[in-house]
Amino acid sequence: MNFERIREKLNILADAAKYDVSCSSSGSNRKNTTKGLGDSSGIGICHSYTEDGRCISLLKILLTNHCIFDCAYCVSRKSNDIKRAGFKIQEVVDLTINFYRRNYIEGLFLSSGIFSSPDYTMERLIAVAKKLRLEENFNGYIHLKSIPGCSDELMREAGLYADRLSINIEIPTVSGLKLLAPEKDHKDFIKPMEKVKNEIIQYQADKKLIKNTPVYAPAGQSTQMIVGATGESDKDIMYSAVHYYSTYKMKRVYYSGYVPVLQDERLPALGTEVPMLRENRLYQTDWLLRFYGFDVRELLNNQHPNLDVDIDPKLSWALRNMHLFPVDVNKADKRMLARIPGLGMLSVNKILNARKYRKLNWENLKAIGIAMNRAKYFIVCDSKDWERKDLEPAHMKSMILQSSQSKYQKMYNKQLRLFN
Amino acid sequence: MKTQKLKYDGTFEGLLTAIFTVYEERLSSAHIIEERFFEPDFFSELIMVFTDENKASRVWEGLKDFQQFRTSVYRSFLSELPDKEVHILDAIQYVLKTKSDKDYGHPSVLKLAQITKQIGREKHRMEAFVRFKRTKDDIYAAIIEPDFNILPLIVKHFKNRYADQQFVIYDKSRSYGIFYDLNTVQFVELDFDDTVLKEALHDEEMHYDEMWQDYFISTGIKSRINKKLHLRHVPKRYWKYLNEKNPL
Ligand code: SF4
């Protein structure tokens, strides 16, 4: 093996792949039953973290960064003057196996620029996965990127070897896509999603009848949207996300703050700050929708098309709905407990468990480890005093903000100053 | 009234035997201490505990309705915290008396749950942070220095995952390791350290080591750098054996 050359390619092709934020390696159920290499039946592990604090769990690379398209938001676009490289199929297989054996990674996340045609590109990605599974007896995690516009036949084959398939919608609005990637058709993104969804449904139906139906993409599919490239609102983003979750049964939607990589008048200028706080608020919202029983219309609507910058979406919702508070922690149902600002699901479960034994007062809540700095304004318990008394929402907000040092405070001070 | 100090050999079975003794002799203010921390004093009565598999398993059986709590007891034992026995005894007495093992309002039950969580975090970290190096003999070897004695807890994970490769994970602070020979995992004592390992490395090791460091750097996004977050996820005390942080 020519390590020098491989190393050079790795540098180019890992660098080009890093803007895809998905790092999940969970949700599969591929067990190592054949005494082969690897097991993806547990929850995914982050083997390291980048210096920007993101999980490193997969070897995330492009097969090549040669591309026939010219999408404005992408470093690999045809008109960009950068170094190009391409891996051979066997080289990706060897790298994956060798990284995996050293416990560096959970598996491979392989994407690619589109060379010659979508089908040709997709065939090569599948070839890597197939080799790993059939020749190397590899049971680690494989995430393949679906290439927009590729055939249903190939999407079917891809799912036989991959744990997860994804296709990045990137631009949340159709008009934005027209502007930034005029050669691409919205339908080309939707078709592979549709196919994967149908195959998964088919697989689940077949499995009930025939035991050894070949597994199809056990970790499901995901997508990513770039945030802050086209002036879209938070409502635009989250309503599309909800659409993808429900229509295509997405496991995850990722939100990626746009990192300016190119000078283009259609895009934010180079040096523009990455909207990390906004990205964070979108993830919080996503979380509230998936695990806390919120409906997107409660959090974002025509009156509130954008999330608050200075407070998290649950607190912001609560301050708009003060008539529902305070909540009695000894009586409220799980759904309402989950809506108390500052309480995570873990705390909710702790409360549900602890109140079986005794009526809870402030001391009890503290003892079982409930963080109270926010929640105290919104709850009553088995103690007489109650923190909120009759505070107005605006006053409460400022008290909460004073007592909580947000890790992003520096950033939103800056952002707010921009608007002044 | 005098306290009774029960001295045991530091094994898990020994601890369970001591607990058996507390029940058998109806000791009311028992204090279980590991041999190596034991200091005699005038105010308490000394009871020597002789590890007895049979007695130990009776205590273990007695807890069989509380699976999660049992895990908690075992993990707290592995924590090596100095007063772990006090909490384990207290919690077991409470659980057996009240038949409920999830009342975190009780200080020792809570304490055990907290230790278990800590040790669980360490186990998870080790599953993530072990870095194997391939040797000339085709054994994948790693050195670790975890805060707690977690080797017994990670055996299953690594055996499942690396079923087709021989590996050694060596806990340097406790001077023992686990070795998988493609069939079973054994606990082994080894004469092993960084220098020994360095000399035994396979020729290709350096290349993969370098490529992993390269990968670590190229996958980060400079305009998003957040050192504080990075350090919270990868505390400095683990860096020594992470090759992306500490190259060959
Ligand atoms: S097709 Fe994909 S790789 Fe090519 S320019 Fe567009 S986004 Fe980039």
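So you know, we letter chains A, B, ... as the sequences are listed, proteins then strands, and number each from 1. Since the structure is predicted, the reported quantities are computational estimates derived from the model, not experimental observations.
- Of all residues in residues 100-107 of chain A, those placing a non-hydrogen atom less than 4.5 angstrom from a non-hydrogen atom of chain B are A/Tyr100, A/Arg101, A/Arg102, A/Asn103, A/Tyr104, A/Ile105, A/Glu106.
- Closest heavy-atom contact between B/Arg161 and A/His47: NH1-NE2, 4.0 Å.
- In this structure, the portion of B/Phe158 lying under 4.5 Å from any heavy atom of chain A is its side chain and not its backbone.
- In this structure, B/His230 contributes its side chain and A/Tyr49 its backbone to a donor-acceptor pair below 3.5 Å.
- Atom-to-atom distance recorded for A/Asn32:CG and B/Asn160:CG is 7.0 Å, nearest 0.5 angstrom.
- Interatomic distance, A/Lys35 NZ to B/Asp164 CG, rounded to the nearest 0.5 Å: 9.0 Å.
- Heavy-atom neighbours of B/Lys136 NZ from other residues, nucleotides or ligands within 6.0 Å: above the threshold of 12.
- The structure places CZ of A/Phe99 at 8.0 Å from OH of B/Tyr208, a figure rounded to the nearest 0.5 Å.
- Distance CZ/A/Phe3 to CD/B/Glu210: 10.0 Å, rounded to 0.5 Å.
- Counting only heavy atoms from C-beta outward, the side chains of B/Tyr215 and A/Asn11 never approach each other to under 4.5 Å.
- Taking CE of B/Met211 as the reference point, atom CG of A/Asn98 lies at 7.5 Å (rounded to 0.5 Å).
- Residue B/Glu189 qualifies as open at atom CD: its count of foreign heavy atoms under 6.0 Å is 12 or below.
- Between B/Ala163 and A/Gly36, the shortest heavy-atom contact is CB-O, 3.6 Å.
- Surrounding CG of A/Leu346 are at most 12 heavy atoms belonging to other residues, nucleotides or ligands under 6.0 Å away.
- Contacts of A/Ile12 with chain B are absent, with no heavy-atom separation under 4.5 Å from either backbone or side chain.
- Nearest heavy-atom pair across A/Thr50 and B/Phe216 is CA-CE1, 4.2 Å.
- The backbone N or O of B/Lys102 sits less than 3.5 Å from a side-chain atom of A/Asn353, completing a donor-acceptor pair.
- Among all heavy-atom pairs drawn from A/Ser48 and B/Glu244, the shortest one is OG-OE2, 2.6 Å.
- Residues that satisfy the side chain to side chain donor-acceptor pair (under 3.5 Å) test with A/Glu8, not counting sequence neighbours, are A/Arg5.
- Interface summary for chain B: among A/Ile6, A/Ile368, A/Leu10, the most heavy-atom pairs under 4.5 angstrom belong to A/Leu10.
- No side-chain heavy atom of A/Cys46 sits less than 4.5 Å from a side-chain heavy atom of B/Arg125.
- For the residue pair A/Ile56 and B/Trp212, the shortest heavy atom distance occurs at CG2-CH2, 3.9 Å.
- Using a 4.5 Å cut-off between heavy atoms, A/Ala354 makes no contact with chain B at all.
- Between A/Asn2 atom CG and B/His207 atom NE2 the span is 9.5 Å, to the nearest 0.5 Å.
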